[in-house]
Amino acid sequence: MDLTWSPEEEAFRQEAREWLAANVPANPLPSGDTREGFAAHLEWERALFEARWSVVSWPEAYGGRDASLWQWLVFEDEYHRAGAPARVTQNGIFLLAPTVFAFGTQEQQRRILPRMAAAQDLWAQGWSEPGAGSDLAGIRSRAVRDEGAGGWRLTGQKTWTTRGAFCTHLFGLFRTDPEAERHRGLTYFLVPLDAPGVTVRGFERLDGDEGFAEVFLDDVLVSDGDVLGGVGEGWRVAMATTGSERGLTLRSPGRFLHTADRLLDLARAKGPGARRDRDRVVQSWIEAQAYELFTLEQVTSIVEGRQVGAESSLNKLFWSQLDIALHETAAELLGPEAEVDGSWSRGFLFSLAGPIYAGTNEIQRNIVAERLLGLPRR
Amino acid sequence: MRFAVAEHDAALAEAAGEVLTKQAGAEQIRAGWPGGRTEGVDAVWRTLAGVGVTGALVPENADGVGLGLDENALAPLMEAFGRSGLPVPAAETVAVGAPLLAAAGAPQLPSVLRGSALLTVSLAPDAPVPFAARADLIAVPRGDELRLYSRDEVETEPVDSVDGSRRLARVHAPAGGGLLLAEGPAELAVAYRRGVLATAALLVGLGERMLELTVAHVRERHQFGVPVGSFQAVKHALADVELAVRFARPAVLAAGWAQAAGDPETAVRTSMAKVLASEAARKAARTAIQCHGAMGYTTEYDLHLYAKRAWALAGDWGGPAEHREFIARRLGLGLAGASGIVSEGTGT
Ligand SMILES: Cc1cc2nc3c(=O)[nH]c(=O)nc-3n(C[C@H](O)[C@H](O)[C@H](O)COP(=O)(O)OP(=O)(O)OC[C@H]3O[C@@H](n4cnc5c(N)ncnc54)[C@H](O)[C@@H]3O)c2cc1C
């Protein structure tokens, strides 16, 4: 065991810290799930890219720094500690990019990744459909081959698409073989949202932000170059990288450590308080530390070449419950102030989404029980 | 940064684990209960001593029998003990007592290291001392000191307990006498933290074991024509246990590292580990019993042996509430002036 950072990692931390201290916007930006806030966030993300902090773990050729997973963790820690804005490009960077690295052709990698890193193309995730949420393989949106046009014609509807109304592109699964077994006939497509036949309708989330969108596709033509990872391979390709969504790359510990520190500040400002409240504060703080330690163990595993697989469901369960605990505890301390619009109330509303998106916690518990514990399916 | 048990730290745990898997089952735990024949338990303990377990934290130069490992090796070793449920004062001897005897130059050290003299330690004033009803050597606090007595130097008063294999007794030590093992808050705090760490690791091992027993059971037990483990309510309950145990484990390993490395956050890390491990093992015990149905509520079936140990250890060496309160104070949230054994000593 060695839980100390190397001089290189410390130097990396120092460099990130200094840059962030000098550049993080002094006043919090409006929510990135509103049109106005999204624009403000993009400005920030472009500045991040200019300084090569937008995708630190990517190869330099695509705008990254070739940072190790450890350095990435360090960066994330500093990022949240500095109170830097949430990333509105995260669905592209954390969910699509790992798939493009793993399954994309060289042409696709060169076409997609640098523009993503620079926040020029903004990617939305188009998995869910009105009739297919948890049962993702039940999607009905389809893609039909058009030999004459040399491409595919997409028709159907996607929904709950995060920031879909503000993004420029969408990645998602479409049924290419209606005859094949549910999981088999799917293909992973990349779709420009300004293509003819695309209609996007934004709608409100629980917190009042207009961050969701429905995306209607009516005979939208995309090229063969927009197929990612092979026709009929969509399920396999998508599942190969869902671990990123559930696991630590979507939710690095920095975010929760930072919230836990804010909770301590709040509790200190309120004075000693009742033992029960103190207990809750401490328990939430402990769990944030535990999440960091778990990820350090996990990163060691990954760095040493072991597969994480279904374990990412443990991350997801833990961080989503932790986020709620942190915010509910804050609400308890705030008392009547808790309902006033601000970072705690907004964080609370968003924390409620954690057990739903990226696969609900019920689905994650099924995965833990069946794949990690070996309990029988039904 | 490397968050993984090093090979030389894992080696002893593996060796002990092999012995424990082969020789220490539920039968041995039952033997530890009052009226049981403990010869078998003592024999396993001596075998483990032969592998070097009792001297894990004893410096190599002490009698040439110590292994001279540090707290990094303690967590995996104690996990193996926890899994087995062997009714022996493992935390008390390996983590706390033996290294103190070595430092004090106690003549009893060799017999403790050989496993021929059973040693127990408690740092909680006035609380019943685990294994004191059958230990040969008993170390208990007197004021600011920890003193070692042979069993005929003290008065022991056996106490019935939920986990009968712990062989609790109240110990009345004479005002004078005994051998001084440690004194002052700082020294006691170091010993205390090792006990807490070892107990947390035992709890992780117990949690894992109860989960394993339960998974095996719910795969086999059929109701409504299917294994009960295929019911989602059962699956989800067990997934939550897995979650709790899997997140406690790194915290315990990290506390071990902190103690060995003299990390400034050692005290807090240690308390954290105990909170998480205690809660995880309690959850495991409760869920395991529930998922076993009435079978889990009998003493004929083995589960209760592990569950009772978990309840005992969750509260021993400071329960979650006490450790959380200590952390609260460290984080600047506590009430001034509150104190308890957890709070004593310096920061490291
Ligand atoms: C904030 C937020 C952002 C999102 N962003 C996106 C996005 O960008 N792109 C996208 O494609 N989707 C997005 N989603 C949608 C999300 O992926 C789905 O909501 C999620 O997969 C659950 O599907 P559902 O909403 O249809 O719920 P349902 O599948 O209808 O589930 C309803 C309830 O039934 C339970 N349930 C369902 N099946 C089972 C089962 N087998 N066992 C036990 N319980 C079950 C669920 O756990 C849930 O509690 C987002 C959702 C939220 C809340």
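Below, read A as the first sequence line, B as the second, and so on, with proteins coming before strands; counting in each chain starts at 1.
- When side chains are defined from C-beta on, M1(A) does not count as touching D70(B), because their heavy atoms never get closer than 4.5 Å.
- For A261(B), no part lies under 4.5 angstrom from a heavy atom of chain A.
- Both the backbone and the side chain of L331(B) have a heavy atom closer than 4.5 Å to some heavy atom of chain A.
- For chain A, the nearby parts of A321(B) are the backbone and the side chain; heavy atoms of each come within less than 4.5 Å.
- Here the shortest heavy-atom pairing between G229(B) and L375(A) reads O-CB, 3.7 Å.
- Interatomic distance, R278(A) CZ to I327(B) CD1, rounded to the nearest 0.5 Å: 12.5 Å.
- Ranked by heavy-atom pairs shorter than 4.5 Å toward chain B, the options E287(A), R377(A), E311(A) are led by E311(A).
- Between chain A and the residues V215(B), D9(B), L243(B), the most heavy-atom pairs under 4.5 angstrom are made by L243(B).
- For the pair L211(B)/L373(A), a side-chain contact is recorded, criterion being any heavy-atom separation below 4.5 Å from C-beta on.
- Ion pair D279(A)/R324(B) flagged as a salt bridge, since at least one NZ, NE, NH1 or NH2 atom sits closer than 4.0 Å to an Asp/Glu carboxylate oxygen.
- Annotation: side chain of W285(A) is in contact with side chain of V268(B) (closest heavy-atom distance under 4.5 Å).
- Between K235(B) and R365(A), every side-chain heavy-atom pair lies at or beyond the 4.5 Å cut-off.
- Other residues, nucleotides and ligands place no more than 12 heavy atoms under 6.0 Å from the CD atom of Q307(A).
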(request) Start with the C-alpha gap between L276(B) and Q289(A), add the side-chain angles, then the distance that decides, and say whether side-chain contact (heavy atoms from CB on, under 4.5 Å) holds. (result) CA-CA 11 Å; L276(B) 290 162; Q289(A) 317 300 311; over 6 Å; no
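- Every pair tested for salt bridge (Lys or Arg N to Asp or Glu O under 4.0 Å) that includes a residue from residues 280-292 of chain B fails, sequence neighbours excluded, so the list is empty.
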(request) Please test N366(A) against H236(B) for side-chain hydrogen bond (donor to acceptor under 3.5 Å, both in side chains), starting from the C-alpha separation and ending with a verdict. (result) CA-CA 7 Å; N366(A) 288 347; H236(B) 287 193; 2.6 Å; yes
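- With respect to chain A, the highest number of heavy-atom pairs below 4.5 Å among V226(B), D240(B), V234(B) belongs to D240(B).
- Taking CG of L73(A) as the start and CE of M1(B) as the end, the distance is 8.5 Å to the nearest 0.5 Å.
- For CD of E7(B), the number of neighbouring non-hydrogen atoms (other residues, nucleotides, ligands) closer than 6.0 Å is 12 at most.
- To the nearest 0.5 Å, atoms NZ (K274(B)) and CD1 (I286(A)) are separated by 12.0 Å.
- At a heavy-atom separation below 4.5 angstrom, chain B is approached by F294(A), L296(A), E297(A), T300(A) within residues 294-303 of chain A.
- Contact of the W257(B) side chain with the T4(A) side chain is registered, since non-hydrogen atoms from C-beta on lie closer than 4.5 Å.
- Most heavy-atom pairs under 4.5 Å with chain A: of the set E279(B), E212(B), E242(B), this distinction falls to E242(B).
- Residues of residues 216-223 of chain B having a heavy atom under 4.5 Å from any heavy atom of chain A, listed by number: V218(B), R219(B).
- Within the structure, salt bridge (Lys or Arg N to Asp or Glu O under 4.0 Å) pairs that include any residue of residues 252-261 of chain B do not occur (at least two apart or interchain).
- Nearest heavy-atom pair across A239(B) and A369(A) is CB-N, 4.4 Å.
- E362(A) touches chain B through backbone and side chain together, each having a heavy atom under 4.5 Å away.
- What you find for F3(B) and L3(A) is that their closest heavy atoms are CD1-CD2, 3.3 Å.
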